[in-house]
Amino acid sequence: MGSILIVAEVQKGAIREASFEVATFAQKVAGATGRDVKSLVAGKGIGALAEEFAKRGGGEVFAADHELLEHYSVDTLGVAVRAAIEASGADVILFSNTPSGWDIAPRVAAELDAGFVSDCFSIEVEEGKIVYHRRVFNGKLDARLTISSEKAVATVQPGATAAFEGATDGSVSQLELSLSADDLRVRFVETKIAESKGVDLTKANVIVAGGRGVGAPEKFQEVLKPLVDALGGAMGASRPVVDAGWLPHEYQVGSSGQVVQPKLYIACGISGAIQHLVGMKTSNFIIAINKDPDAPIFEVADLGVVADLLEIVPALTSAVQAAKG
Amino acid sequence: MKIIVCLKQVPHQDARLDIRSDGAWIQEEGIKFEINTYDTYALEEALRIKDAAEAEVVVVSIGPDRVTQALRTALGMGADRAIHVKDPEAEASDAIGLAKILAAIVKAESPDLVIMGMMSDDGNFAAIAPMLAGLTDMPHTTAAVKVERSNGTLRIDREIEGGAREVVELRSPCVIAVQTGINQVRYASLKGIMAAKKKPFDVKSIADLGLGGQVGAAAVKVRIEKISPPVKGERAEILEGSTQEIADRLVGKIKELGLL
Ligand SMILES: Cc1cc2nc3c(=O)[nH]c(=O)nc-3n(C[C@H](O)[C@H](O)[C@H](O)COP(=O)(O)OP(=O)(O)OC[C@H]3O[C@@H](n4cnc5c(N)ncnc54)[C@H](O)[C@@H]3O)c2cc1C
Ligand SMILES: Nc1ncnc2c1ncn2[C@@H]1O[C@H](COP(=O)(O)O)[C@@H](O)[C@H]1O
């Protein structure tokens, strides 16, 4: 039996929470299949982090400490990952589905000629087989997958499970790598932080958010805006609305937009893909209006209306106005 | 300069998703298909490079007969040439199999740039672009939201979390997977659609690509065993009644929350 290798991620001088979540699945699968958990901690000046990860779920940690590992590059991290796979004899390699994980993991799989599964919300062992669970059709359906190749590579959805809480008898060994700046074919230049342009949705008490189901840009003004005004709230949007240029980027709620937590979030014509949900699911109260009774937004909503938003929203606006007198 | 754009045709975003009798995928008969959203942005990005410089844009798609329509649309938008890999074995491939097919085409065409979507709207694998890059030993990047070119170097803004961006530089030839919203996608003009009819359109099989036995059903490593509606957790209370009754109940709740 091989082992499970976790490729941990270092961000702002700490191991990311998402890596401890990967450890939760790794430990569970290892326990059920008789594998060991091993990990790679790569970065610059990561000695103490490698020690910490070894004790908190990472098990036998390979530490790759190098100046060229300070910023993510598929080239340098790739060298470290290949060395760690070799040193660990791993047959299951797990990353988190973060901007570096989703960038490198499929490439590693192709190089190993291994089966690859992305963005798993659960990894379980059933009758001795590892089963990967993930969403398809942008969150509308669940899929259960198995991998039959000798090696398997997967990424885990951040936030899908709790961080590993137990203690492990870990150890740390150094992974010696010869990296040179000349090997960098993808070169990190800089990070640009999100510029805020005045619309701060995080301060709003009420957000009325529209998705692709609103249907047209003018409907945001004609149908959603009166409700926003009646409730004294702010307007929000899903990504396709912003991509289409219907509203500027600062209105976007989700993993690549703003993370909001208002007292009331009204989602209109939004299906509820995970990237949207992570931006609003901790709102105090959620109302969802969607004509599809199976839309995943209803999984996080407190109250749901299965109907055409173009009928419900104007009626709700009038009722709010009437209630205010 | 030669640019390859890989396009997938996927069920229309508003298509009904009924599960097939074997439970392993959706029922594809009788529903509408369209070009994967991410790939429309990939094609537009290639066409913009062509608008600004001398470039040939080649669109490639693996899939059944219906894919002809997607490729014709791409030619109508301004692509110069299409390659359709049409073979039941190709369709039975998993992501790594599809990546191997695309790699065979890329090796034969030796483009300066391959532009793809970051993810397919149906399978959501987000796998093929980095896989293709690995198989062809080209540098790659994903989640591109801005592409700038100067002398064979590409400067890419890639989207990371919370609206932040990471700027990277890579040299051509390379593979770029684009995120939605990177540009505003054009429509095929009537003139473009007419012109498309005369553009080269190649159809290839797995055997033509020299990949017999290496891809397809027998080589599948990842198997979708079952798809199902998401497990219902603590589901929302669904309000029933007339529009007026529903509006009144919602107002009642909003009052209860102290927001009115
Ligand atoms: C890396 C990455 C980052 C992403 N970041 C974000 C992000 O920050 N924010 C985000 O939102 N998405 C993000 N996405 C995109 C996400 O995966 C989904 O594609 C997106 O959230 C879908 O938006 P939507 O719900 O508006 O559209 P759809 O999924 O198309 O849903 C439209 C909904 O409207 C309903 N509808 C249609 N007409 C009506 C009507 N008349 N009345 C009522 N209901 C109607 C339909 O039933 C459907 O459920 C990201 C994706 C990736 C890969
Ligand atoms: N059947 C296909 N034919 C051509 N290109 C494809 C095909 N499937 C996926 N792609 C490309 O690979 C990208 C990522 O898809 P995926 O890895 O399946 O999520 C898509 O956006 C397309 O650019």
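Below, chain A is the first sequence line, B the second, and so on; all start at residue 1.
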Checking A/Leu231 against B/Leu259 for the side-chain contact (heavy atoms from CB on, under 4.5 Å) test, could you report, in this order, the C-alpha distance in whole Å, the side-chain angles of both residues, the deciding distance, and whether it holds?
CA-CA 8 Å; A/Leu231 290 169; B/Leu259 296 167; 5.7 Å; no

Verdict with supporting geometry, B/Arg158 and A/Asp103, salt bridge (Lys or Arg N to Asp or Glu O under 4.0 Å):
CA-CA 11 Å; B/Arg158 67 184 299 257; A/Asp103 194 72; 3.6 Å; yes

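Residues A/Leu141 and B/Ile19 are in side-chain contact: their nearest non-hydrogen atoms beyond the backbone lie under 4.5 Å apart. Side-chain contact between A/Tyr132 and B/Glu225: absent, with no pair of heavy atoms (C-beta onward) separated by less than 4.5 Å.
Using a 4.5 Å cut-off between heavy atoms, A/Ser255 touches chain B through its backbone atoms (N, CA, C, O) alone. Residue contact with chain A, scored on non-hydrogen atoms closer than 4.5 Å, involves the backbone and the side chain of B/Ile224 alike. Contacts between B/Glu169 and chain A at a heavy-atom distance below 4.5 Å involve backbone atoms as well as side-chain atoms. For B/Ile238, the parts lying near chain A are the backbone and the side chain together; criterion is any non-hydrogen pair under 4.5 Å.
When every heavy atom of A/Phe116 is checked against every heavy atom of B/Val222, the shortest pair comes out as N-CG2, 3.4 Å.
Between B/Glu161 and A/Thr98, the side chains place no donor N or O within less than 3.5 Å of an acceptor N or O (distance only, hydrogens not considered).
Between chain A and the options B/Ala103, B/Ser120, B/Ser228, B/Ala143, heavy-atom pairs under 4.5 Å are most frequent for B/Ser228.
The pair A/Arg212-B/Asp14 meets the salt-bridge criterion, since a charged nitrogen lies less than 4.0 angstrom from a carboxylate oxygen.
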